[in-house]
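All chains are named by letter (A, B, ...) in the order of the sequence lines, taking the proteins before the strands, and each is independently numbered beginning at 1.
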Number of protein chains: 2
Amino acid sequence: MRVRLSDVAAMADVSSATASMVLNGKAGAIRPDTIDRVLVAAEALGYRPNALARSLRSQQSHTIGFLSDDVVTTPYAGAMILGAQEVADKHGFALLLANVDSDQEASRHSLEALLDRQVDAVICATMYHRIIEVPAQLTNSPAVLLNARSDDNSVTAVVPDDYAGAEAAMEHLVAMGHRRIGFINDRAGNRRPGFIIDQTSPPAAVEREQAYHDVLRRHGIDRDDTLQTRAPSDPTGGRVAATALLDRPDRPTALFCYNDRMAAGAYVAARHLGLAIPEDLSVVGFDNQVLIAEAIDPPLTTVQLPHLEMGRWAMEQALTLLDENAEPRVRRMPCPLVERESVAPPNHPSADT
Amino acid sequence: MRVRLSDVAAMADVSSATASMVLNGKAGAIRPDTIDRVLVAAEALGYRPNALARSLRSQQSHTIGFLSDDVVTTPYAGAMILGAQEVADKHGFALLLANVDSDQEASRHSLEALLDRQVDAVICATMYHRIIEVPAQLTNSPAVLLNARSDDNSVTAVVPDDYAGAEAAMEHLVAMGHRRIGFINDRAGNRRPGFIIDQTSPPAAVEREQAYHDVLRRHGIDRDDTLQTRAPSDPTGGRVAATALLDRPDRPTALFCYNDRMAAGAYVAARHLGLAIPEDLSVVGFDNQVLIAEAIDPPLTTVQLPHLEMGRWAMEQALTLLDENAEPRVRRMPCPLVERESVAPPNHPSADT
DNA sequence: CTGAAAGCGCTAACAC
DNA sequence: GTGTTAGCGCTTTCAG
């Protein structure tokens with residue numbers, strides 16, 4: 001059996017109440033020598049408070065629930081958890097994990113497991129940038145959405161700024177002199193079941209496409225819809241789509257890909273067509289999956305998804321919500337361009353437009 | 001304020017003790033109609049037990065601590081957590097996360113945060129297969145090591161069977177007809193040139209190297225130390241090492257790489273030397289980092305690290321330890337070969353040996 | 001079969 | 001200034 005507060009109190013010859021105050025720094029009105037006695041007793045006994053008892057009494061578990069939709073499987077997940085963890089730890093909070101899958105019933109169950117354990121707040125993380133419906137049970141406790149937002153923005157949330165990220169990528173390409181830029185987007189309408197209901201097409205796809213068009217227009221480059229295509233967001237999808245875009249006389253000199261996996265597929269397509277990267281073709285990806293970006297040749301220039309920062313921010317907000325009840329805010333986290341070696345000026349700047 | 005057990009009891013017109021028994025399935029000796037009344041009351045009120053209070057009383061938190069050394073950053077982490085989570089969930093347990101970094105002091109603090117919260121057991125996970133020293137605080141509570149083991153095997157642990165995995169990879173290569181097989185090992189833990197197996201090296205490096213030699217010997221293939229090298233385990237390391245191995249007349253017809261990142265580097269080296277994979281050169285990796293294995297061309301044949309299974313097993317053991325106190329056991333989890341397209345019979349089977 | 005009572009280990013009012 | 005008392009919400013003897 002662990003040593004209890006009463007043991008410390010007994011040894012210091014004070015009441016457990018006094019010991020409690022001393023140990024919690026609320027010893028404003030306690031004689032210095034008493035404080036000392038308690039401190040040495042605690043030290044001598046190796047006293048560690050029972051957080052359960054403390055929580056029960058103080059109605060604060062110092063625990064934040066982290067609910068995710070399989071997020072934990074993806075390489076992104078780690079960064080979000082780590083970021084959240086990091087700031088939680090700094091404030092003496094711990095993270096209680098729960099995972100939800102496509103099964104609605106199971107998801108409710110997972111959430112309740114968290115709530116039953118009296119978490120002070122919950123962070124709801126999704127694998128992909130999504131618009132979700134906040135589970136009803138959450139309306140009572142402070143909640144923040146991570147990599148997701150509610151459609152009415154009534155819950156504080158943090159999402160990547162896909163628009164600005166795509167904009168940076170496109171501006172980079174244009175600044176390098178590219179005028180004919182292909183865009184391989186994610187195939188819209190892939191609905192995945194989840195605890196959280198999917199609305200329309202993923203915000204990432206919508207925003208990046210918007211940025212693609214806006215940047216071109218801003219630079220007076222006529223829209224050419226044959227330069228844009230959609231495919232499943234994996235290497236095969238990227239390869240097939242890139243082949244279609246590149247295997248023609250008026251091929252684009254640069255490709256902006258929805259993600260790094262597709263960009264890897266585009267590399268394969270380019271090589272099969274005898275196109276060297278970046279000499280004959282520039283490629284920009286999205287996600288900054290370092291595993292991929294550094295594994296392919298040449299290393300991929302891509303846009304970073306700021307999962308670590310989002311994780312940190314989400315936890316900071318969650319903790320803030322415990323003190324004050326602030327207005328819900330949704331933060332769009334910047335996605336910086338990470339320049340590697342897959343972009344260069346075009347060999348033969350196209351003369352059209 | 002949430003509805004308490006006493007509310008349910010009051011509504012059902014029984015004592016809270018009775019309500020408790022009913023709700024916990026220990027209603028062996030309670031009249032059916034009383035049971036019903038309690039049940040409908042609980043339902044009507046939407047009663048959810050307060051897990052904190054329950055834990056405090058029953059001295060069982062139904063929570064397992066998951067302590068990891070930054071593991072959460074790596075793409076492997078997710079699978080371990082997910083596996084653990086999955087079985088925890090099935091048994092009504094939750095996962096409390098803590099992260100430790102290189103800082104000893106901070107690590108002790110993290111562990112204590114878990115213990116203070118009265119976790120019933122803790123799982124200690126490491127990013128890489130390692131031999132670790134079990135923290136002293138852990139000796140009191142049930143613990144299982146995940147992807148790590150103690151040097152005296154006195155703590156139950158699960159690690160990947162790197163030896164068998166490497167053996168399978170090598171047997172595959174040999175079965176395909178390869179006799180000259182290069183091995184690019186990790187250099188961590190041994191900065192000396194030369195190819196001596198060194199106890200300070202990570203188990204993964206030691207075991208895979210051992211398997212490499214054993215398989216060759218078993219098939220009567222003479223050892224040729226010029227076919228073996230070490231490098232940092234990243235794409236650049238792999239490229240440099242592979243170039244050294246391949247840029248010579250008696251080059252190997254196949255390469256076994258320490259991990260998929262190095263294998264990706266080997267791909268680059270091969271292409272620069274005009275070697276086609278798998279026609280001119282077969283490559284096998286390790287880890288089955290799907291992100292990489294599917295992104296490079298051709299898709300990489302590699303050995304799977306069974307993180308999901310290890311996570312599951314670790315949690316199962318942890319839960320088992322709560323009931324019975326079994327003997328510590330260490331499990332070596334199989335690492336299956338995942339065949340893709342980077343292996344083919346050699347073009348020109350070497351005539352030597 | 002069911003209820004009363006006694007805590008689990010701690011904190012927060014309120015006396016002294 | 002410090003100790004006493006009363007719970008936080010639940011489970012678990014032990015009477016009846």
S.K.: Quick one: is dC10(D) close enough that its OP1 or OP2 comes under 4.0 Å of any side-chain N or O from Tyr47(B)?
M.R.: yes

S.K.: Which of these nucleotides, dT2(D), dT11(D), dG9(C), is closest to any side-chain atom of Thr34(A)?
M.R.: dT2(D)

S.K.: Does His109(B) have more than 12 heavy atoms from other residues, nucleotides or ligands lying within 6.0 Å of its NE2?
M.R.: no

S.K.: Round to the nearest Å and state the distance from Leu56(B) atom CG to dC10(D) atom P.
M.R.: 12 Å

S.K.: Would you indicate which nucleotide in dT12(D), dT11(C), dC10(C) comes nearest to any side-chain atom of Ser20(A)?
M.R.: dT11(C)

S.K.: Please state how far atom CD in Gln59(A) lies from atom C1' in dG9(D), giving the value in whole angstrom units.
M.R.: 9 Å

S.K.: dG3(C), dC10(C), dG3(D): which one has an atom nearest the side-chain heavy atoms of Ala17(A)?
M.R.: dG3(D)

S.K.: Rounding to an integer number of Å, can you tell me how far Leu23(A) CG sits from dA12(C) P?
M.R.: 13 Å

S.K.: Measuring from the side chain of Arg54(B) (C-beta onward, heavy atoms only), which nucleotide among dT11(C), dC10(D), dT2(C) has the closest atom?
M.R.: dC10(D)

S.K.: Has the side chain of Thr126(A) got a donor or acceptor atom that lies under 3.5 Å from a matching backbone atom of Asn147(A)?
M.R.: yes

S.K.: Is the side chain of Asp116(A) donor-acceptor paired with the backbone N or O of Ala113(A) at a distance under 3.5 Å, no angle test?
M.R.: no

S.K.: Nearest to the side chain of Arg4(B) - dC10(D), dC10(C), dC8(D)?
M.R.: dC10(D)

S.K.: If I take atom CG in residue Asn50(A) and atom C1' in nucleotide dG7(C), what distance separates them, rounded to the nearest angstrom?
M.R.: 14 Å

S.K.: Look at the side chain of Ser58(A) and decide which nucleotide, out of dC10(D), dA12(C), dT2(D), has an atom nearest to it.
M.R.: dA12(C)

S.K.: Quick one about Ser61(A) and Asp120(A) (side-chain donor to acceptor, distance below 3.5 Å, no hydrogens or angles considered), yes or no?
M.R.: yes

S.K.: Output the single nucleotide from dG9(C), dG3(D), dA6(C) whose closest atom is nearest the side chain of Thr18(A).
M.R.: dG3(D)

S.K.: If I take atom CE in residue Met21(B) and atom C1' in nucleotide dT11(D), what distance separates them, rounded to the nearest angstrom?
M.R.: 8 Å

S.K.: Could you state the atom-to-atom distance from CG of Leu52(A) to C1' of dT11(D) in whole Å?
M.R.: 14 Å

S.K.: Could you give the CG-to-P distance, from Leu5(A) to dG7(C), as a whole number of Å?
M.R.: 18 Å

S.K.: Check Arg130(A) with Asp69(A), please: is the shortest side-chain N to carboxylate O separation under 4.0 Å?
M.R.: yes

S.K.: Per the atom types in the model, does the base of dG7(C) pair as donor or acceptor with the side chain of Arg57(B) at under 3.5 Å?
M.R.: yes

S.K.: In terms of side-chain heavy atoms of Ser15(A), which of dT11(C), dG3(D), dC10(D) is nearest?
M.R.: dG3(D)

S.K.: To the nearest Å, give me how far apart CG (Asp33(B)) and P (dC1(C)) are.
M.R.: 11 Å

